Amino acid sequence: MDLSSTLNVVYSLLPGITANLTGTLTNAYISVAILLDYFKIQMMSTSNKILVALSLSNVYLSLMLFISTVSVFLPLINADSVNGYISALLMFGICSSTWITTCLCVFYFLKIIDFSSGLLACFKLKINIIVPWFIFFSEVVSLGCSFLTLLPSVTSPGSSTNTSLFYPVNSTSEELINSPGFMKVTFFAVFVPMLIMIVTTFSTIGSLFLHSRRMENTGTSSSLTPHRNAACMMAWLLLLYTVIFVVLFTYFFKLFDQQSFGYKITFNLIYLFTLVQSVVLIIGNPKLKEAITKCCLFATKVSD
């Protein structure tokens with residue numbers, strides 16, 4: 001890669017990389033803020049356990065996205081034997097973040113909707129016990145998807161290309177990430193939890209709407225603000241993952257040429273993912289929102 005090509009690539013990816021590193025800091029802030037509160041009161045709510053797991057997963061994903069990008073310019077990291085492992089580690093971060101987000105949506109779904117009987121009613125009663133196991137399950141599934149990217153591909157007879165992964169041995173990290181094998185695993189790894197998010201989010205919003213109508217008809221009053229905030233967070237998370245799913249769709253079916261403007265936009269949208277998700281989590285959590293507001297006010301006073 002000559003100097004002009006390198007500068008062009010860096011220029012096109014710089015906004016996304018900057019947003020990605022900012023997302024690392026905001027997600028780290030979420031984890032630190034919740035953990036500091038835990039050390040003070042020696043107690044952590046179930047929702048905060050999910051938020052810590054999700055924010056740490058996003059920090060890991062942000063760092064792996066950064067490494068996968070930097071590896072293109074570093075011959076030592078861009079060695080043939082390293083590329084496949086970088087892709088596998090990146091796959092783990094993608095799946096982990098997606099499944100833990102699904103865990104958060106399922107948690108709010110079970111907490112908000114009233115179930116009179118059945119399996120979901122049982123899950124609702126034991127939600128505090130189920131959530132840690134759900135997080136563990138998410139990591140196991142993510143590890144499985146990560147291993148899938150390291151399986152040997154089936155080469156066609158007479159092919160002159162030797163492959164030890166899904167991808168050509170002489171591929172760069174960027175080629176590995178954009179290869180059909182990697183994108184296929186990513187596409188299906190995101191598809192299943194996204195279906196769960198769609199069902200839980202729309203069910204929760206529908207249940208809150210019906211409950212509000214019943215309250216209006218009966219003349220009763222009770223605060224639904226926390227439930228509405230949770231449902232709003234679920235809706236924003238679903239929208240975010242819908243955008244990411246569409247981006248993966250464009251990669252999977254190669255709708256944009258790698259030199260096109262559309263390709264660069266979709267590539268940078270992936271780097272914006274962790275930052276946008278952290279903002280949604282902060283806005284949807286009153287304590288985190290209050291804490292970051294105080295930090296901003298303090299920073300403003302110090303600068304003045």
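These values consider heavy atoms only, across backbone and side chains, with no hydrogens, waters or symmetry-generated copies. Worth saying up front: this structure is predicted, and the values here are computed from it rather than measured.
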Cluster overlap [X] with [Y], hydrophobic side-chain contacts below 4.5 Å:
X: M234; Y: F209; answer: no
X: L63; Y: F66; answer: no
X: I283; Y: V32; answer: no
X: V199; Y: F123; answer: no
X: L54; Y: L237; answer: yes

Exam field: side chain [X] to backbone [Y], donor-acceptor pair closer than 3.5 Å:
X: K124; Y: L110; answer: yes
X: T26; Y: G23; answer: yes
X: S146; Y: S142; answer: no

Step by step, would you call S96 with Y60 a side chain to side chain donor-acceptor pair (under 3.5 Å)?
CA-CA 10 Å; S96 176; Y60 170 82; over 6 Å; no
Kindly say whether the aromatic ring centers of F115 and F109 come within a distance under 6.0 Å.
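Yes, they do, as the ring centres are separated by less than 6.0 Å.
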Please tell me whether F107 and F134 form a close aromatic pair, meaning their ring centres lie under 6.0 Å apart.
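No: the rings miss the under 6.0 Å criterion.
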Between [Y] and [X], is there a side-chain heavy-atom distance shorter than 4.5 Å?
X: Q277; Y: W236; value: no
X: V243; Y: F273; value: no
X: T201; Y: T204; value: no
X: I34; Y: L288; value: yes
X: L61; Y: L90; value: yes
X: T200; Y: T102; value: no
X: I113; Y: S203; value: yes
X: L104; Y: M233; value: yes

Quick one: do T274 and S62 satisfy side chain to side chain donor-acceptor pair (under 3.5 Å)? Show the steps, please.
CA-CA 7 Å; T274 56; S62 297; 2.8 Å; yes
Take atom [atom1] in [X]; do more than 12 heavy atoms of anything else shown fall under 6.0 Å from it?
X: F245; atom1: CZ; value: yes
X: F202; atom1: CZ; value: no
X: K111; atom1: NZ; value: no

What distance do [X] atom [atom1] and [Y] atom [atom2] have between them, rounded to the nearest 0.5 Å?
X: I130; Y: I135; atom1: CD1; atom2: CD1; answer: 12.5 Å
X: M197; Y: M194; atom1: CE; atom2: CE; answer: 7.0 Å
X: I244; Y: L272; atom1: CD1; atom2: CG; answer: 8.5 Å
X: I270; Y: I94; atom1: CD1; atom2: CD1; answer: 7.5 Å
X: M64; Y: F92; atom1: CE; atom2: CZ; answer: 11.0 Å
X: M44; Y: D37; atom1: CE; atom2: CG; answer: 8.0 Å

Do you know the tightest heavy-atom contact between I196 and W99?
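Looks like CD1-CZ3, 4.1 Å.
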Given the rule in the side-chain contact (heavy atoms from CB on, under 4.5 Å) test, do I198 and L238 qualify, once you have shown the distances and angles that lead to the verdict?
CA-CA 7 Å; I198 290 172; L238 178 60; 3.5 Å; yes
What residue among S97, S31, S278 forms side-chain hydrogen bond (donor to acceptor under 3.5 Å, both in side chains) with S55?
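Among S97, S31, S278, the one that satisfies the side-chain hydrogen bond (donor to acceptor under 3.5 Å, both in side chains) with S55 is S31.
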For a side-chain contact (heavy atoms from CB on, under 4.5 Å) check, start with the C-alpha distance between E139 and I100, then their side-chain angles and the critical distance, and finish with the verdict.
CA-CA 8 Å; E139 300 306 299; I100 295 176; 3.2 Å; yes
